[in-house]
K.L.:
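Here it is, the structure, as structure tokens.
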Amino acid sequence: MPTATLAGNGEIIVPQEIREFLKLKPGDNVDFIVEEDGRVAIRPSAIAVRELKGILHRQGMKPVSIEEMNAAAIRGWSGQICED
């Protein structure tokens, strides 16, 4: 299990194994999440947009154009139900 030591000024060096796992680069920010059971999790504050590619894809789905997305947003905003 990777470990780190807290310096007198409150800084820690995230172990290389963890930096690689989280894909952290110098200057990246991280979030500390305190769980209800007292555990603390660390995660990158932001995800690079490139890493989001394909996360919503479902087998058999056809791509939606920007125009179709805009039309759906307008229908939703105007209170119309989208039945596409």
Side-chain angles (χ1 to χ4, degrees):
M1 172 170 42
T3 60
T5 301
L6 183 66
N9 61 0
E11 292 181 346
I12 62 169
I13 296 175
V14 178
Q16 181 176 351
E17 178 181 343
I18 303 302
R19 291 192 314 266
E20 289 172 356
F21 178 79
L22 295 175
K23 299 177 183 167
L24 293 174
K25 306 275 187 290
D28 284 351
N29 291 318
V30 295
D31 295 328
F32 293 90
I33 301 97
V34 179
E35 305 287 350
E36 287 184 25
D37 63 2
R39 292 182 300 150
V40 177
I42 180 176
R43 69 173 180 203
S45 290
I47 298 173
V49 170
R50 288 183 298 278
E51 293 183 33
L52 300 176
K53 181 180 178 183
I55 64 168
L56 298 178
H57 177 73
R58 301 290 182 269
Q59 191 71 18
M61 279 181 61
K62 70 174 185 121
V64 178
S65 71
I66 296 294
E67 292 78 14
E68 291 171 311
M69 285 188 252
N70 288 339
I74 291 168
R75 284 193 306 271
W77 179 78
S78 67
Q80 298 176 17
I81 298 175
C82 179
E83 296 183 15
D84 294 335

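On a predicted model such as this, the values are computed, not experimentally measured, just so you know.
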K.L.:
Between Asp31 and Pro44, what is the shortest heavy-atom contact and its length?
P.N.:
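Of all heavy-atom pairs spanning Asp31 and Pro44, the closest is OD2-O, 4.0 Å.
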K.L.:
Heavy-atom count check: over 12 atoms from other residues, nucleotides or ligands less than 6.0 Å from Glu11 CD?
P.N.:
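No, CD of Glu11 has 12 or fewer neighbouring heavy atoms, counting only those of other groups under 6.0 Å.
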K.L.:
Examine Leu6 and Phe32 and state if one hydrophobic cluster contains both, with Ile, Leu, Val, Met, Phe, Trp and Tyr joined whenever side-chain heavy atoms are less than 4.5 Å apart.
P.N.:
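Different clusters.
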K.L.:
Consider only side-chain heavy atoms of I, L, V, M, F, W and Y, link residues closer than 4.5 Å, and tell whether Ile33 and Phe21 are in one cluster.
P.N.:
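No, Ile33 does not connect to Phe21 through the hydrophobic network.
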K.L.:
Using side-chain contact (heavy atoms from CB on, under 4.5 Å) as the criterion, list what pairs up with Pro2, not counting sequence neighbours.
P.N.:
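Expected list: Pro15, Glu17, Ile18.
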K.L.:
Surrounding CD1 of Ile13 (heavy atoms of other residues, nucleotides or ligands, distance under 6.0 Å), is the total greater than 12?
P.N.:
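No - once you tally the heavy atoms of other residues, nucleotides and ligands closer than 6.0 Å, there are 12 at most.
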K.L.:
Give the C-alpha distance, both sets of side-chain angles, the deciding distance and a yes or no for side-chain contact (heavy atoms from CB on, under 4.5 Å) between Thr5 and Ile12.
P.N.:
CA-CA 6 Å; Thr5 301; Ile12 62 169; over 6 Å; no
K.L.:
List in chain and number order the residues that pass side-chain hydrogen bond (donor to acceptor under 3.5 Å, both in side chains) with Gln16, two or more places apart in sequence or in another chain; answer none if no residue qualifies.
P.N.:
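Listed in chain order: Glu20.
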K.L.:
Arg19 side chain to Leu24 main-chain N or O, any donor-acceptor pair under 3.5 Å?
P.N.:
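No, because the side chain of Arg19 does not come within donor-acceptor range (under 3.5 Å) of the backbone of Leu24.
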K.L.:
Do you know the tightest heavy-atom contact between Glu68 and Pro63?
P.N.:
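Closest heavy-atom pair between Glu68 and Pro63: OE1-O, 4.2 Å.
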K.L.:
Applying side-chain hydrogen bond (donor to acceptor under 3.5 Å, both in side chains), can you list everything that pairs with Asp37, at least two apart in sequence or on another chain?
P.N.:
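side-chain hydrogen bond (donor to acceptor under 3.5 Å, both in side chains) check on Asp37 returns Arg39.
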